[in-house]
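Quick caveat, the model's predicted, so the values are computed rather than measured. Naming: A, B, ... by sequence-line order, numbering from 1 per chain. All values below come from the heavy atoms of this structure, side chains included, with hydrogens, waters and symmetry mates left out.
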Protein chains: 2
Amino acid sequence: MRALLADIGGTNARFALLAEDRIGPPVILPVSRFPTPEAAMAAALERLAPGQMIDAAVLAVAGPVSGGTARLTNAPWRFEEAAIAAHFGVRRARLVNDFQALAHALPHLPPTDLVAIGAGVADPSAPMLVLGPGTGLGCAALVPTAAGPQVVPTEGGHIGLAPTDAVEDAVVAGLRARCGRAGAEEALSGRGIANLHAVVAALHGAAVPERDAAAVVGAAEECPVAAEAMRHFLMLLAGFAGDVALAWGARGGVFLAGGIMPRLAATLDRAAFRARFEDKAPMAGWMAGVPLAIVTHPAPAFPGLAAIAAAE
Amino acid sequence: MRALLADIGGTNARFALLAEDRIGPPVILPVSRFPTPEAAMAAALERLAPGQMIDAAVLAVAGPVSGGTARLTNAPWRFEEAAIAAHFGVRRARLVNDFQALAHALPHLPPTDLVAIGAGVADPSAPMLVLGPGTGLGCAALVPTAAGPQVVPTEGGHIGLAPTDAVEDAVVAGLRARCGRAGAEEALSGRGIANLHAVVAALHGAAVPERDAAAVVGAAEECPVAAEAMRHFLMLLAGFAGDVALAWGARGGVFLAGGIMPRLAATLDRAAFRARFEDKAPMAGWMAGVPLAIVTHPAPAFPGLAAIAAAE
């Protein structure tokens with residue numbers, strides 16, 4: 001089977017060819033250069049497999065997928081499975097949400113594509129979770145079943161933030177004042193880092209400019225406000241990851257993907273992050289058994305898309 | 001097939017006979033009167049099916065089940081599948097956690113055993129959740145799969161409480177001071193109602209005695225502290241139920257079981273409870289579609305145990 005795999009975000013679309021169960025090298029195309037996904041797919045195929053036919057297309061889209069259709073959250077492309085299949089003469093085109101693709105990938109990621117945070121031993125009969133702080137805060141699960149792995153999309157990125165001390169009480173109250181509601185995504189995303197920076201600045205009455213996430217990360221070495229915002233980001237993320245692990249009984253492991261965590265993996269205080277993840281009395285012993293890792297694979301959706309293609 | 005079904009709590013054990021796909025009338029025996037579960041099962045069988053053989057036994061236990069063994073959280077009984085099967089000469093004895101049994105029951109509960117809270121239309125392809133404030137705060141899910149419903153036990157009752165305004169900030173801080181950590185169960189259980197009462201009394205400097213859950217419920221009509229504790233219990237429970245619904249993408253529905261909610265069903269302000277359940281901006285529209293109900297079936301584990309027996 002030869003399938004075109006695509007991982008399509010608001011800015012870039014990544015394509016790769018699945019042939020003989022191997023994923024080939026990727027082609028990356030800017031979404032803004034093509035009027036439709038079909039035009040970009042055709043341009044990618046010209047480079048990946050010139051003059052050759054494919055049997056299937058499996059596309060991960062950073063946006064809601066429903067009834068065989070999808071649209072990007074941040075760009076004008078629209079997707080329809082039937083139209084894509086007809087355009088490329090393939091038996092089947094399949095659209096999935098990007099976090100569903102990441103969840104499908106979890107059993108296929110080798111340890112070399114992960115940075116483990118602490119110990120923990122996976123229970124292969126229990127759910128695995130993938131969380132992704134990036135543009136938003138994605139969350140999907142994979143449940144092992146007698147009929148194979150079942151992926152469940154979730155809206156876990158929107159649960160309420162649970163503060164654990166007086167300083168976090170003030171931060172959460174500040175997020176509520178700034179955003180209307182202190183849902184997890186309001187702190188645990190690119191926008192969330194900017195929100196946390198503004199809230200910390202206000203709490204200290206500090207005369208710092210509003211900064212976007214990249215500027216906060218860049219300033220964290222010299223600016224105490226940026227440093228405190230990043231500390232809150234990481235501790236609230238670790239606490240959130242622990243809460244979602246409890247909510248799912250996710251003894252199969254919790255995996256951090258998305259645009260932000262891989263960049264922070266090298267400098268992360270893993271012991272502090274792990275300690276906060278486990279800080280769930282009276283369940284600290286249970287939490288100690290849950291594997292936790294950052295996904296450093298450069299394109300982790302592709303192994304998931306390949307698994308979907310192989311299962312069809 | 002004839003199976004003995006049992007729903008075993010710390011105080012009472014309920015037994016019923018499943019024969020020809022029908023669940024017969026229950027026998028209720030006090031746990032303290034029998035040295036072992038086998039002794040109580042034998043006493044129940046003498047009443048339910050004197051002189052007859054059974055083919056299977058399926059037991060729900062209010063405590064952790066692992067590796068075919070279980071023990072009660074609040075009583076000295078120990079359970080072992082192999083020993084029970086040998087004692088009664090049955091092909092198979094099966095132990096499950098009580099919330100797993102409740103999750104198995106969800107598709108089998110008729111509307112007459114539910115009190116709906118608001119509208120919402122179940123998506124049959126999405127997970128269903130059962131939450132149970134009682135001695136603790138149980139939580140289990142049912143995921144539809146190609147191989148049939150898959151039940152997933154969770155530790156969702158231990159996620160952190162997420163306050164939504166300044167008054168709840170103070171209540172959560174008070175719970176933290178009283179309990180060490182403000183996990184959901186510290187507020188959303190029988191013990192939790194007592195905790196909330198003590199925290200509200202301290203916040204107001206009110207000279208009221210420490211009260212257990214039954215006393216708080218009983219005093220709520222005349223005592224403003226008890227009334228405020230019950231309001232916090234219900235609003236925090238509705239917010240928790242909404243958060244767990246998001247964490248699971250539970251468009252199959254959220255069901256409130258356990259010892260406490262059925263007693264409050266008649267007097268509950270359903271509109272206020274539903275409004276708090278849906279108060280998850282920017283997901284309020286998504287939440288509006290999620291069915292929410294109180295389970296009023298007097299022994300809801302039995303339909304789940306029957307489903308487990310039938311599937312084996």
Salt bridge (charged side-chain N to carboxylate O under 4.0 Å, His left out) partners for B:Glu155, two or more places apart: none

Taking the side chain as C-beta and beyond, is there a heavy-atom pair between B:Thr135 and B:Ser189 under 4.5 Å? no

Under 4.5 Å, heavy atom to heavy atom, which residues of residues 142-150 of chain B contact chain A? B:Val143, B:Pro144, B:Thr145, B:Ala146, B:Ala147, B:Gln150

Heavy-atom pairs under 4.5 Å with chain B are the metric here; pick the option from A:Ala247, A:Ala184, A:Ala162 that has the most. A:Ala247

Atom pairs and distances, side-chain donor-acceptor, residues 126-133 of chain B, under 3.5 Å, sequence neighbours left out:
none

B:Asp169/A:Arg176 salt bridge by N-O under 4.0 Å criterion: yes

Under 4.5 Å heavy-atom distance to chain A, tell me which part of B:Ala166 shows up: side chain, backbone, both or neither. backbone

If you measure from CZ on B:Arg274 to CZ on B:Arg276, what distance do you get to the nearest 0.5 Å? 14.5 Å

Comparing B:Leu161, B:Asp165, B:Val172, B:Asp279 against chain A, the one with the most heavy-atom pairs below 4.5 Å turns out to be B:Asp165

Side chains of B:Arg231 and B:Glu228, heavy atoms from C-beta outward: is any pair under 4.5 Å? yes

Chain A interface, residue from B:Gly239, B:Pro163, B:Ser125, B:Gly157 that has the most non-hydrogen pairs under 4.5 Å: B:Pro163

Restricting to pairs with a member in residues 242-258 of chain B, which pass salt bridge (Lys or Arg N to Asp or Glu O under 4.0 Å), not counting sequence neighbours? A:Arg181-B:Asp243, B:Asp123-B:Arg251, B:Asp243-B:Lys280

Donor-acceptor pair, side chain of B:Glu185 and main chain of B:Leu137, under 3.5 angstrom: yes

